[in-house]
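Bear in mind that the values here come from a model prediction, so they are computed numbers and not experimental data. Below, chains carry the letters A, B, ... as their sequence lines are ordered, and counting in each starts from 1.
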Amino acid sequence: MKKYPEYKKLDLSQISKDILQFWEKDRTFEKSISTRDENKPWVFYEGPPSANGMPGIHHVMARAIKDIFCRFKTLQGYQVKRKAGWDTHGLPIELGVEKSLGITKEDIGNEKSKKYISVEDYNKACRKEVMKYTDKWEDVTAKMGYWVDMSDPYITYENRYIESVWWLLQNLSKKDLLYKGFTIQPYSPAAGTGLSSHELNQPGCYRDVKDRTATVQFKVKDNSKFKIQNLDGDVYFLAWTTTPWTLPSNTALAVGKDIEYVFVKSFNPFSGTPQTVILAKDLLNKYFSEKHTDLKFEDYKPGDKNIPFKIVGHAKGSDLAGISYEQLLPFVQPTDGDAFKVLVGDFVTTTDGTGIVHIAPSFGADDFRVAKQNGFGALTLVDKRGKFLPEVQDGVFLYGEEFVKEAYLNDVEKQTEFEKQKKILEANHKIKDLKVYLSVDERIVLKLQEEGKLFKKETYEHSYPHCWRTDKPVLYYPLDSWFIKSTAMKDRMIELNKTINWKPEATGTGRFGNWLENLNDWNLSRSRFWGIPIPIWTSEDGAEQIVIGSAEELKKEIDNAIAKGVMQTNPLAKFVPGNFSKENYDTFDLHKPYADTIYLEKNGKKLTREPDLIDVWFDSGAMPYAQVHYPFENKELIDNKKYFPADFIAEGVDQTRGWFFTLHAIAVMNFDSVAYKNVVSNGLVLDKNGNKMSKRLGNAVDPFETLEKYGADATRWYMIANAAPWDNLKFDLEGIGEVQRKLFGTLYNTYGFFSLYSNVDGFAVDEKNQTPIENRIELDRWIISKLQSLVEEVTLYYNEYEPHRAARAIEEFVDEHLSNWYVRLSRRRFWRGEMSGDKIAAYETLHTCLTTVSQLMSPIAPFFADWMYQNLTINNQSVHLTKLVEVKKQHQDKSLEERMELAQKISSMVLSIRKKENLKVRQPLQRIQIPILDKVFQDKIDAVKDLILSEVNVKEIDFVNESQTQIVKNLKLNFKTLGKKCGQNMKAVQAFANDNGAKIISSIEKTGAFTIELNGANIVLEVEDVEIIPVDIPGWKVANNGPLTVALDVNLSEELKNEGLAREVVNRIQNMRKDAGFEVTDKILVKIQQNSELDNAIKNNLSYICSETLTNDLQLVQNLSAANASKIEVDELITTLISIEKLN
RNA sequence: UGUCUUAUAGCUCAAUUGGUGGAGCAGCGAUCUGAUACGUCGAAGGUUGUAGGUUCAAGUCCUGCUAAGACAACCA
């Protein structure tokens, strides 16, 4: 006969360790896959973490979510493979290496540098760095109970992985979705490199700088378009810039479509020439003081500070579009596209400037985009060193070959330039005595002023990004890049996105949906060192190009190149095509610098590899295919949709435009399919005050410590139950403690209770031969019914990816129903008397509840659930290998559940009256009264009467109605039905009802209706429109709760008093048994010193006392020596001595 | 700056299609217990971030604002 294990105390941490050991020995994870039908797969993709950082508590949360659904689907009988993966490329890794080696980008491959490191060594360091914390990750994965196969992970730097990525790119190229273009990117001329947004977000990169800004006049070519009379002089657009050095590269002006513009007749503030300017109406008073509205044009003399002005015309931005203006600084003409016209830009605002934006497509991302959309050309009159091209030359104000930003010059250069400027400016009488170096911006402004094209100049302080290495301001500069033409597939991506089940939905429709609507082409290029090289080789003239899609192709092409004499040896010489072993693929390296030493040949031309690496996001987005080395191996898994798309993925919401997008984009563009059907985007883990966790602030929670201290189950449960996965979680260790006490403590005790008594009885559940449910008592059938409802509910929540609701439902069941009602009320059945049918049924019922709960909770609390399940069952099979129980509808009895709820409520109300009246539960009372308004209600309570009576220690329940006693009733309106009926009269009806409650109640009770006359209309209140609630029985002690009212008879007869005293005695004896350390089965001898106040109570209840306390012999004695007995206070007034002895 | 999310008791969260705000924890005061680090009972705690709007009726729908966060951008 099986004995159920008993434990001294709950140690969740130890349970985790024990079960983990069991899993390893039992190979439970492997079994959970191998025992499932491979034709019933449920596909999960693991988003690869980067092992160059330590795992944090947020990883535990994110991985718990993944684990929950994989385990749940396994319970449902699906086969869920989980291949782990590592993300190994990218900037954070490069930065990590640079930090640990104490080097910067400039040292890499630069032999002149003191800290020179070859690209080869650098990449070796990266390869090592990236797996730095692999063991920590494996450790936390095991300890938190995350089941993922780490024995054969996909690793993005491995050649087989890279080969699949290359194949995908080649495929895109074949579909004509790959092209070379340029984008405007932050660029550091001093460092000679582009900067990523990550680098720009380094602390201290954005700094306040003072710049010379200018409001500039662009002369309209043909005034006649405006249909405005009497335009004196020329008409100009006003535009403001903080970077006057970009003005020579201006090719367009942008206006806002719906912005109102005005034509203002006035004078040029510097030259005094009459002119008309155009600017946004909202910004008029920034340039023309309101005080000057009344100034007369006739009175104005050039040089006057107060300038008269007059609005002579209006236009909307859209009206201005297409108007041509004269080039501002005609150093160079654009060679391609349209130029020097007004166009509409969605980014134009009236928060500052003039509402008209100067567009230099080469030096601003918005500028570039809007120019491209409108087919405008660009001028790039600055080179990569940050200097003007030689053509931008002015005889007086200089420029050509000058740095455009003052910060790029060193002191010596500045001095030389200053002397040059002083000489020429003074010679041309522009400035009398130049004292300091004038920046390019300042001198451009001077030139414009000279030419009558300047309207206003000022210095302006704003924040501007700086290069984190050189401390110099960055330029936005057009850089060559390779693009994926994702815009071409935009509509399809939007369409397919609508078939994806997003949790929460708003992330899919909102954040992700909007992102797709505004999709730009995907910039693939990264000018870095550690990543997958772009597999494109181009001839110098750009005419010939080869896109490589496999190692085999590359080997062949190199052989060809050798034959044609552009290569000497083949780095892939040892590689055997068709052999997919790791060894074979480790005979070469596709990374830099090796890739760059490969030259190919086509049509007699030598081809060189495009120097860039691909965006690491492409790496991870390619994982569905690359993890199985598609299409070189496992072709059918993808093509036959066996392992694609995923049924489920989950990552942080920060991945919306990261992994979620790249997976989607690559799948849509290559396979015309979604990459995942269900996606959960989880929120962040914040500290308990709602701040972001960071090492710097010292508020980061160490996952190892937490798991060790609280165990994985409580930690996981807390994180899942506390917030929806997509809400941010305020992580508070105290919350884990609470979960530990409340859920796990309660379950542990419930199990302990079960094991204690079934072992005492030598009882074990015979799973195959249980008492039919219909033969069990109401309480049993009730908890079984509740359990069915729980199974139904929890299954639904898991299926809907709402684990927090599943967890909360389980918590409620365990605490409210199982422990604090079922077990409490069943206690006596377990520990009294011999084995009986009822006792067996009680054991079986509790056993079923506990095993089912273990199953339901096992996805969230995998260790504890398995521990409890295995304790309860005989064959030591893991709960994770079981099949989920199905809802047994035939055991569900909703009306029974309702009845029981009434019993719980009534009990609680009676207890509350007792409390108010200071009557202990141990004191029996004679009766409670329940006013009843209908028979159905009475029947319901009648069915649970006995439970209530024993729970609250009362002898009887009387149902009373109006004919027997007076009942005070309240009226509550049902706004839901009445609202529709009354509409506007609702308030009046409510007021009427407040004053005439009694009238309405009696009418409805008699006739079922009550008519209110209001403003000539009749409103008929019917039964469904009101709720009639009994609230009081005059002369009784009552309590009410919603529609329920209970009254308690608080009179005590002598008999009741004695019974109460007897119960007190029982309680004292029980306490003494407990203190003496007796077993629950020990029989005892009790001696009580006689006491006139007590004797009758004991004599009249002798058998009760004896049976409750397992007393074989109770003696009332004259004198009990205080040495052998305890002094006992039975109540405030009665004290006596009692002794107990164990009988053998 | 844009897109999106969130804001309810001291804390963590609930509140069906709009129908008149509830739990748990903590604290206070009682109490029960032969499963209990449990439970039970009581009082207290709220202008539902803020200002408007729609409606007979708004925590819920709409708009503005404030704060926090994520992502994207940083521009004239």
Side-chain angles (χ1 to χ4, degrees), chain A residues 9-10 186 197 200 206 213 239-243 246 254 345 347-349 351-360 363-367 462-465 476 504 506-507 509-512 514-515 518 652-658 683-684 686 688 690-692 721-724 726-730 732 734-735 737-738 740-742 745-746 748-754 756-757 804 808 811-812 815 819-820 823-824 827 830-831 907-908 911-916 918 920-922 973-979 982-990 1067 1070-1071 1073-1074 1078 1080 1108-1110:
Chain A
K9 70 176 187 42
L10 173 63
S197 58
L200 281 190
Y206 278 86
T213 70
W240 179 65
T241 181
T242 56
T243 52
T246 62
F347 52 88
V348 180
T349 65
T351 46
D352 47 22
T354 62
I356 301 174
V357 178
H358 138 68
I359 298 291
F363 304 110
D366 278 336
D367 305 36
H462 63 146
S463 138
Y464 195 85
Y476 288 87
T507 303
T509 53
R511 190 188 282 202
F512 194 67
N514 290 345
W515 161 254
N518 301 313
V653 66
D654 53 336
Q655 292 296 339
T656 307
R657 283 157 189 178
L684 298 152
L686 309 170
K688 64 176 174 183
N691 299 313
K692 223 177 143 175
N722 225 270
W726 38 88
D727 285 336
N728 291 346
L729 173 71
K730 287 184 192 165
D732 187 354
E734 276 182 40
E738 196 181 317
Q740 209 175 24
R741 278 201 309 276
K742 211 168 156 62
T746 305
Y748 167 81
N749 281 319
T750 308
Y751 168 75
F753 179 86
F754 173 82
L756 175 67
Y757 288 106
H804 58 300
R808 288 170 190 176
E811 272 175 12
E812 192 192 321
D815 193 45
S819 172
N820 280 309
V823 175
R824 234 158 71 90
R827 260 184 304 195
F830 291 98
W831 56 265
S907 302
S908 149
L911 292 174
S912 111
I913 300 173
R914 294 188 84 111
K915 180 65 56 184
K916 251 184 222 148
N918 209 12
K920 291 184 173 180
V921 180
R922 274 198 291 268
L973 297 177
N974 180 354
F975 288 96
K976 222 168 180 174
T977 57
L978 272 176
C982 323
Q984 303 226 355
N985 293 322
M986 189 70 238
K987 274 193 177 143
V989 172
Q990 192 175 2
N1067 169 255
Q1070 300 288 35
N1071 287 344
R1073 285 184 62 118
K1074 202 176 182 181
F1078 294 177
V1080 288
E1108 286 292 309
T1109 56
L1110 299 188

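Looking at residues two or more places apart in sequence or on another chain, you find no salt bridge (Lys or Arg N to Asp or Glu O under 4.0 Å) involving A:Asp732. With sequence neighbours left out, A:Pro504 forms a side-chain contact (heavy atoms from CB on, under 4.5 Å) with A:Thr507, A:Ser681, A:Trp726.
With both ends at atom P, the span from B:rA23 to B:rG39 equals 15 Å, rounded to whole Å. Between B:rA57 and B:rA73, the distance separating the two P atoms is 46 Å to the nearest Å. Taking the P atom of each, B:rG24 and B:rA44 are spaced 16 Å apart, rounded to whole Å. Here the separation of B:rA9 from B:rA14, taken at their P atoms, is 13 Å to the nearest Å. To the nearest whole angstrom, the two P atoms, one in B:rA70 and one in B:rU60, are 27 Å apart. For B:rG21 and B:rG29, the P atoms lie 31 Å apart once the distance is rounded to whole Å. Spacing between B:rC61 and B:rU5 at atom P, rounded to whole Å, works out to 11 Å. When the P atom is used for both B:rA58 and B:rC75, the distance is 47 Å, rounded to whole Å.
Rounded to whole Å, the distance from CG on A:Asp732 to C1' on B:rA26 is 11 Å. Look at CD on A:Gln740: it is 13 Å from P on B:rA37, rounded to the nearest Å. Nucleotide B:rA15 holds its C1' atom 14 Å from the CD atom of A:Glu812, rounded to whole Å. We find that OH of A:Tyr757 is positioned 4 Å from P of B:rA35, with the value rounded to whole Å. The distance between atom CD of A:Glu811 and atom P of B:rC13, rounded to the nearest whole Å, is 13 Å. For the pair A:Leu911 CG and B:rA30 C1', the interatomic distance rounds to 14 Å; values are reported in whole Å. Taking atom OH on A:Tyr748 and atom P on B:rA35, their separation rounds to 14 Å, with Å as the unit. Note: NZ (A:Lys730) to C1' (B:rC25) measures 15 Å, nearest angstrom.
In this structure the side chain of A:Leu911 never reaches within 4.5 angstrom of the side chain of A:Ile913, judged on heavy atoms. Between A:Thr213 and A:Thr241, every side-chain heavy-atom pair lies at or beyond the 4.5 Å cut-off. With a 4.5 Å cut-off on side-chain heavy atoms, A:Phe753 and A:Val823 count as touching. Counting heavy atoms from C-beta on, the side chains of A:His804 and A:Asn722 never come closer than 4.5 Å.
Comparing B:rA14, B:rU5, B:rU36 by their nearest atom to the side chain of A:Ser819 picks out B:rU36. Comparing B:rU5, B:rC13, B:rG39 by their nearest atom to the side chain of A:Asn722 picks out B:rC13. Distances from the side chain of A:Phe975 to the nucleotides B:rG19, B:rC13, B:rA37 place B:rG19 closest. With B:rA70, B:rG39, B:rC75 as the choices, the nucleotide that has an atom nearest any side-chain atom of A:Val653 turns out to be B:rA70. Nearest to the side-chain atoms of A:Asn820 among the listed nucleotides B:rA35, B:rG39, B:rC75 stands B:rG39. When distances are taken from the side chain of A:Arg808 to each of B:rC75, B:rC38, B:rC13, the shortest belongs to B:rC13.
Looking at heavy-atom distances under 4.0 Å, A:Asn514 makes contact with sugar-phosphate atoms alone, never a base. Among the atoms of the strands shown, none is found under 4.0 Å from any heavy atom of A:Ala254. At the heavy-atom level, A:Lys742 lies under 4.0 Å from the strands shown only through sugar-phosphate atoms. The residue A:Pro504 sits apart from the nucleic acid: no heavy atom pair falls under 4.0 Å. Here A:Thr354 lies out of heavy-atom contact (under 4.0 Å) with every strand. Heavy atoms of A:Arg824 sit under 4.0 angstrom from at least one base atom. Among the atoms of the strands shown, only primed sugar atoms or phosphate atoms (P, OP1, OP2) are found under 4.0 Å from some heavy atom of A:Glu738. Across all strands shown, A:Phe754 has no heavy atoms under 4.0 Å from either base or sugar-phosphate atoms. Using a 4.0 Å heavy-atom criterion, one finds that A:Tyr476 contacts the sugar-phosphate atoms exclusively. A:Leu756 comes within 4.0 angstrom of no nucleic acid atom, judged by non-hydrogen atoms across all strands.
When all heavy atoms of A:Gln740 and A:Leu10 are compared, the pair lying nearest together is O-CD2, 4.4 Å. The shortest non-hydrogen separation linking A:His358 to A:Asp367 is O-OD2, 3.6 Å. Nearest heavy-atom pair across A:Ala254 and A:Gly345 is CB-N, 4.4 Å.
A:Phe1078 CZ to A:Thr1109 OG1: the interatomic distance, rounded to the nearest 0.5 Å, is 11.5 Å.
Base-pairing analysis of RNA chain B finds the following stems of at least three consecutive Watson-Crick or G-U pairs, with both pairing distances under 3.5 Å: B:1-7 with B:66-72, B:10-13 with B:22-25, B:28-31 with B:39-42, B:49-53 with B:61-65.
In this structure, A:Gly752 and A:Val357 both approach RNA chain B, and ranking their closest nucleotides by distance from the 5' end singles out A:Gly752. Nucleotides of RNA chain B nearest to A:Trp726 and A:Asn1067 differ in position, and the one nearer the 5' end is that of A:Trp726.
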